[in-house]
Q: 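Provided herewith is a single structure, encoded as structure tokens, for subsequent inquiry.
We're numbering straight along the sequence, starting at 1.
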Amino acid sequence: MNDVEMTPAPVLELRGLCKGYNPGQPNEITVLHDATLTVQRGEVVALVAPSGAGKSTLLHIAGLLDQPDTAVRRDKVGFIYQFHHLLPEFTAAENIILPQLAAGAPRKQAQDRAEDLLARVGLSARAGHRPAAMSGGEQQRVAFCRALANGPALLLADEPTGNL
């Protein structure tokens with residue numbers, strides 16, 4: 001077997017990525033120019049750069065949020081947002097159950113998975129609380145659980161420890 005056959009495919013690979021705002025205008029801003037990123041399964045990568053350098057933009061593109069293919073985004077990519085984006089009318093558990101139901105999981109299985117994830121982050125007692133009744137750190141942990149709910153191959157996190 002040669003080296004090419006032994007090297008597993010990356011879980012994420014971006015090549016020549018460009019992103020700008022207000023193209024062709026005097027106030028045009030180029031955020032990403034010819035960006036390249038490769039992430040192997042199990043690898044932990046941190047994007048470290050000053051505010052405004054394009055970290056969130058890169059994560060949104062990598063997470064298929066700018067022009068999402070919803071099936072790939074739902075099934076393969078977990079995303080922890082900088083601002084949690086929990087659905088305020090739903091409980092912590094329901095915020096974790098919903099993406100599983102959207103992926104076709106049976107309700108009981110989704111409920112069990114939500115309870116397990118909440119227990120792992122120490123929030124079993126908060127499962128029935130809505131986001132407004134939780135601290136920022138608790139909301140962040142619920143968002144983390146939601147991102148893991150469908151067992152994604154790739155987990156993207158935008159400032160994941162900001163409220164912890």
Side-chain angles (χ1 to χ4, degrees), residues 7-15 17 19 31-32 35-49 51 54-164:
T7 304
V11 70
L12 172 67
E13 187 168 18
L14 303 172
R15 292 185 190 179
L17 187 62
K19 177 70 176 179
V31 179
L32 301 173
T36 299
L37 174 66
T38 302
V39 180
Q40 298 296 331
R41 181 171 300 283
E43 184 177 18
V44 175
V45 176
L47 298 176
V48 180
S51 181
K55 300 180 301 292
S56 294
T57 299
L58 180 67
L59 287 176
H60 287 172
I61 292 169
L64 307 174
L65 297 175
D66 278 351
Q67 295 181 340
D69 173 335
T70 55
V72 172
R73 165 69 178 92
R74 180 194 69 216
D75 297 341
K76 303 293 183 189
V77 179
F79 201 95
I80 303 171
Y81 300 91
Q82 184 174 7
F83 302 101
H84 323 302
H85 297 295
L86 296 175
L87 299 172
E89 62 274 13
F90 294 101
T91 66
E94 290 167 340
N95 267 281
I96 300 166
I97 291 169
L98 286 172
Q100 296 176 78
L101 296 178
R107 174 114 183 132
K108 175 70 171 126
Q109 177 184 324
Q111 177 72 39
D112 291 347
R113 174 90 170 135
E115 290 172 4
D116 177 59
L117 289 167
L118 287 168
R120 289 176 182 228
V121 298
L123 289 178
S124 292
R126 307 293 274 162
H129 289 77
R130 288 191 169 80
M134 293 185 281
S135 71
E138 289 171 332
Q139 290 179 40
Q140 186 72 8
R141 286 183 277 163
V142 172
F144 182 80
C145 293
R146 178 188 56 199
L148 294 175
N150 286 332
L154 175 65
L155 180 63
L156 300 172
D158 189 359
E159 303 212 18
T161 60
N163 290 303
L164 300 180

Q: Among all residues two or more places apart in sequence or in another chain, which pass the ring pair (Phe, Tyr, Trp, His ring centres under 6.0 Å) test with H129?
A: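 With sequence neighbours excluded, H129 shows a ring pair (Phe, Tyr, Trp, His ring centres under 6.0 Å) to no residue whatsoever.
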Q: When you look at L14 and L58, which way does the side-chain contact (heavy atoms from CB on, under 4.5 Å) test go after all the steps?
A: CA-CA 9 Å; L14 303 172; L58 180 67; 3.6 Å; yes
Q: How long is the span from the CZ atom in R107 to the CG atom in D112, to the nearest 0.5 Å?
A: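 The CG atom of D112 is 11.0 Å from CZ of R107, to the nearest 0.5 Å.
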Q: Show the nearest heavy-atom pair for residues C145 and L118, with the distance to one decimal.
A: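 Shortest heavy-atom separation between C145 and L118 comes out as SG-N, 4.0 Å.
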Q: Quick check: closest heavy atoms across K55 and L47, and the distance to 0.1 Å?
A: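 Nearest heavy atoms, K55 then L47: CD-O, 3.5 Å.
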Q: Locate the shortest heavy-atom distance separating L59 from A157; write the atom from each residue and the value.
A: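 Result for this residue pair: CD1-O, 3.5 Å.
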Q: So, for Q40 and P8, which heavy atoms are closest and what is the spacing to 0.1 Å?
A: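 The answer is OE1-O, 3.4 Å.
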Q: Report the distance from atom CZ of R126 to atom CD of Q139, rounding to the nearest 0.5 Å.
A: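 So the gap between those two atoms works out to 10.0 Å.
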Q: Kindly compute the distance separating CG (L123) from CD (E138), expressed to the nearest 0.5 Å.
A: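 Interatomic distance, L123 CG to E138 CD, rounded to 0.5 Å: 5.5 Å.
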Q: Look up atom CD in E89 and atom CZ in R130, then write down how far apart they are to the nearest 0.5 Å.
A: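 E89 CD to R130 CZ: 8.5 Å, rounded to 0.5 Å.
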Q: For the backbone of T36 and the side chain of R15, can you confirm whether one donor and one acceptor N or O come within less than 3.5 Å of each other?
A: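 Between the backbone of T36 and the side chain of R15 there is no qualifying donor-acceptor contact (under 3.5 Å).
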Q: When rounded to the nearest 0.5 angstrom, what distance separates CD1 in I96 from CG in N150?
A: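 With rounding to 0.5 Å, CD1 (I96) is 11.5 Å from CG (N150).
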Q: List the atom of G54, the atom of V31, and the distance in Å for their closest heavy-atom pair.
A: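 Shortest heavy-atom contact: CA-CG1, 3.3 Å.
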Q: Once rounded to the nearest 0.5 Å, what's the spacing between atom CD1 of I97 and atom CG of L117?
A: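 The CD1 atom of I97 sits 10.5 Å away from the CG atom of L117.
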Q: Give the C-alpha distance, both sets of side-chain angles, the deciding distance and a yes or no for side-chain contact (heavy atoms from CB on, under 4.5 Å) between R146 and L86.
A: CA-CA 9 Å; R146 178 188 56 199; L86 296 175; 3.5 Å; yes
Q: For residues A149 and R113, report the shortest heavy-atom separation together with the two atoms involved.
A: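 Looking at all heavy atoms of both residues, the shortest contact is O-NE, 3.1 Å.
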Q: Write out all pairs satisfying side chain to side chain donor-acceptor pair (under 3.5 Å) with one or both partners inside residues 94-106, taking only residues at least two apart or from two chains.
A: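 Listed by first then second residue: T91-E94.
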